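Working notes, beginning with the structure itself.
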Amino acid sequence: MTPGKIAGEVVAAELLAGLNPAQAEAVTAPDVPLLVLAGAGSGKTRVLTHRVAYLVATHRAQPQRVLAVTFTNKAAREMRSRLGVLLGGGVEGMWLGTFHAMGARMLRQRGELAGVPRDFVIYDEGDRAAVMKEAMAQAGVDEKRFSLASISGEISRAKNDLRGPEEFGASARGFVESQAARVYPRYQALLETNRALDFDDLLLKVVRMLESSAEALERYRDRFRHVLVDEYQDTNRAQYRILRLLVGEHRRVTVVGDPDQSVYSWRGADLRNILEFQRDYPDALVVPLEQNYRSTAAILRAAGAVIRENTQRLDKGLWTAGPEGDPVRVGQFYDEREEASAVAAEAGRLNASGELAWGEAAVLYRTNAQSRALEEVLLREGIPYRLIGGLRFYQRKEVKDVLAYLRLLANPSDRVAFERVINVPRRGVGAQSIAQVRDLLQGGGGRLEAVLEIPELAGLRGAAAQGLRRFHDLLADLHDYSSQWPLVQLLDRLLERSGYRQLVRDGTPEGEERWANLTELRGLAAELGDDPAAATLPAFLEQLALAGDVDQMDDSASGAITLITLHQVKGLEFPVVFVTGVEEGLLPHVRSLDSEASLEEERRLLYVGMTRARERLYLSHCFQRHLYGSPRGATPSRFLRPLSALEGTSGWGSPGSFVAPPATRGQPLVLTRAREAILREVTKAAPAVVSGPRYAAGDRVEHQRFGRGVIRVSEMTPGGEEVVIDFETAGRRRFAVSDAVLRKLA
DNA sequence: TGCGGGTCCAGCGGG
DNA sequence: TGGACCCGCA
């Protein structure tokens, strides 16, 4: 026996330590198709990573022959770092990432086998919308009658179902579909001229490649002798097809998922993939993970009672060896303001008694609009919170603009990028001139680069022509520069030479905020600087395109209550969870009432929310809720029915927590007022009615996001107090004072 | 070309 | 209610 083998066995034994029998079974299962039905909080990620590590440690798999696919970048990162720890390095060469990253990588390697140019760019949702708009115009589809979103959705769905323009056109039924069928081929043609793929293409083209090229199929099948997939319940048909093709005859495939947590059918996820795994592989080994390590018995019982009403599911008996815990509380409140106050009051009570740090609680809701009332109350009460979602980093105008410049440098055919920045900052090239250029290119009258150099080709004269030429010179300059200097310097030069820095930094606080975002982008480029392979422009752009967003959940240590949608909260957990707005029309949402399947998905959404809670779970609904500005009556969700008779479930607050609506509207409820008074005393947070500045130069402060710093300037503006802070690590920044993110240090 | 007011719309959002 | 978008006017 070789020393290596012995070491491997030692590691293997360590990998099984602390696993329960079901987990161990899944980790050590033989090379047969394996379906791990992992209930909420049952250690799913642990099993997946340990199985990969186990396969490697026991020499059943070489790292470079393993493909492990996750749904999010975050999950991929986590898995990579956990594997690094488990194996002490040794993950080199392993393909570990999202489906889309995997697709991009394969297409860079062998995409030409499916007619994909090697230097393709990846279009995000914004770019896709721009192209879609143009395609709709070409097809003569009226944007007023058919929304971009509906057409775009149809086409995306078609792609996820592996239907090309012809096939889709042949089977199109109904108004929207037939319009989409006219747009689809034009949309695809435009992507092609731009040498661009959208996210759906990253999957679709891989399928086409593997199906049409024996060489490609052979190559990747041989390469990936072990295939493992996380969140299998969320895979769409294209992803399913890729897996089937890759797994082929060797059938060493492990999928992990929970049908009860499938909440993305509207994005193409197909529950059949997991429900029918055993039909696809009749000899599959199915290992249910039923022991929950997260929630109390009371919480599990309530969640189980809710999800059991669904018909489309594989029953699991989720159980816990943990304590019964506090009862699950269901409360009714007058309206969303009182609901928010109740959340704040309860969180405040727990915090005051030392049972809860702010960062340990989350407030969940169905729609983003619901966050407003919560924010207002938390702000008023001085309770720190962080809002997940909203406008994301890469969707910010300034970031998209600068990225468009970079994309144009990397790919001069990218007309979406061109149209985005040709007149930003202004160069005298208006909509009219852009249209002329577009028409010329449309008619095949030349390449974009040529038109930039000789604008007269497009019939342009005067200021517009000069603007295009200046733009051309700028790009040429940057192009030369980029061949000799690292990314960061290129970015700096771009910001200077283009005039973009001046445009953004207009002296307003908003301008500084935008500039701060660009500084962050610069930071990302700098991070890559250490790695020569990643520091090229194309690699940088690809990474950003696939990264989607800077991870908002990474700073989980923040001392703030989390406000988050039910969809985004999947995969997270908190000691204390409030699920708000559990009402008919909201959860289930009105738009899901038309089919039993979507209704069941809504129920799963509530289930996901409930199972995020470790110790305390609160559900609330209102008597009335403001929707689009006007009040409407609300009734408790049908999903709550099985809870009414359930042991370990009780009302939230005193029996009188809900009282009849007041006779005159707009009059605050006495009870609400009393509660606020109590809360104020408990949290000692005085209402934020301040007439003068709260900060002075020299004050030491801590910012939720940027850390510690010193106030340099404080001034009162019509919009409130504004401060300039020198941060220890984040440099000088300017803010409007917000108690939610800034606090004074002693 | 840039801005202001009218109008329309409103679910969840990974990669 | 509030944001996005369009049209018309300076």
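To find a chain, count down the sequence lines: A is the first, B the second, and so on, and within it residues start at 1. What you see is a predicted model, and the numbers here were worked out from it, not measured in a lab.
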Quiz item: Between dC12(B), dG3(C), dG13(B), which nucleotide gets closest to the side-chain atoms of T367(A)?
Solution: dC12(B)

Practice problem: Whole angstrom is fine here: how far is it from CG in L586(A) over to P in dC12(B)? | Solution: 10 Å

Practice problem: Please check the phosphate of dG13(B) (OP1 and OP2 only) for any side-chain N or O of N368(A) closer than 4.0 Å. | Solution: yes

Practice problem: Counting Watson-Crick and G-U wobble pairs only, both distances under 3.5 Å, name the nucleotide matched with dC12(B), or none. | Solution: none

Quiz item: How are the rings of Y220(A) and F224(A) set to each other: parallel, tilted or perpendicular (split at 30° and 60°)?
Solution: parallel

Quiz item: Rounded to the Å, how far apart are L202(A) CG and dG14(B) P?
Solution: 16 Å

Quiz item: Within the structure shown, what part of the strands sits under 4.0 Å from V429(A) by heavy-atom distance: base, sugar-phosphate, or nothing?
Solution: sugar-phosphate

Quiz item: Closest nucleotide of DNA chain B for G428(A) versus for E602(A): which of these residues is on the 5' side?
Solution: G428(A)

Practice problem: Mark this stacking check for W266(A) against dC12(B) as yes or no, applying ring centres under 5.5 Å and ring planes under 30°. | Solution: yes

Self-check item: Closest to side chain of H567(A), choosing from dG15(B), dT1(B), dC12(B)
Solution: dC12(B)

Self-check item: Within-4.5 Å side-chain heavy-atom neighbours: L566(A) and L606(A)
Solution: no

Quiz item: When the distance from CG of L148(A) to C1' of dC6(C) is rounded to whole Å, what number comes out?
Solution: 15 Å

Exercise. Measure from the side chain of Y628(A), starting at C-beta and using heavy atoms only, and say which of dG2(C), dA10(B), dG14(B) lies closest.
Key: dA10(B)

Quiz item: So, is T98(A) close to the dG14(B) phosphate, meaning a side-chain N or O under 4.0 Å from OP1 or OP2?
Solution: no

Quiz prompt | Centroid under 5.5 Å and tilt under 30°, Y264(A) to dG13(B) | solution = no

Practice problem: Indicate, yes or no, whether a donor-acceptor pair under 3.5 Å links the base of dG13(B) to the side chain of E125(A). | Solution: no

Quiz prompt | Closest-nucleotide 5' rank along DNA chain B - winner of F71(A) and S433(A) | solution = S433(A)

Practice problem: Whole angstrom is fine here: how far is it from CD in E375(A) over to P in dG2(C)? | Solution: 13 Å

Quiz item: Can you tell me how far P of dG15(B) sits from CG of D124(A), to the nearest Å?
Solution: 13 Å

Quiz item: Among dG2(C), dT1(B), dC12(B), which is the nearest nucleotide to the side chain of T565(A)?
Solution: dC12(B)

Quiz item: So, Y264(A) versus H567(A), ring centres under 6.0 angstrom or not?
Solution: yes

Exercise. Find the distance Y123(A):OH to dG14(B):C1' and express it as a whole number of Å.
Key: 21 Å

Practice problem: Could you measure between the two P atoms, the one in dA4(C) and the one in dG13(B), and give it in whole Å? | Solution: 16 Å

Quiz item: Tell me, do Q239(A) and V69(A) make a side-chain contact under 4.5 Å, heavy atoms counted?
Solution: no

Self-check item: Nucleotide forming a Watson-Crick or wobble pair with dG6(B), both distances under 3.5 Å
Solution: dC5(C)

Quiz item: Looking at side-chain heavy atoms only, is the closest gap between V229(A) and T254(A) below 4.5 Å?
Solution: no

Quiz prompt | Nearest-angstrom distance from the residue atom CZ of R267(A) to C1' of dC12(B) | solution = 8 Å

Quiz item: Rounding to a whole Å, what distance do you find between N160(A):CG and dG14(B):C1'?
Solution: 12 Å

Quiz item: Does CD in Q109(A) sit with more than 12 non-hydrogen atoms of other residues, nucleotides or ligands closer than 6.0 Å?
Solution: yes

Practice problem: Give one of base, sugar-phosphate or nothing for D200(A), where a contact means two heavy atoms less than 4.0 Å apart. | Solution: base

Quiz prompt | Inter-nucleotide C1' distance (dG3(C), dG14(B)), Å rounded | solution = 24 Å

Quiz item: Among dA10(B), dG15(B), dG14(B), which nucleotide sits nearest the side chain of Q568(A)?
Solution: dG14(B)

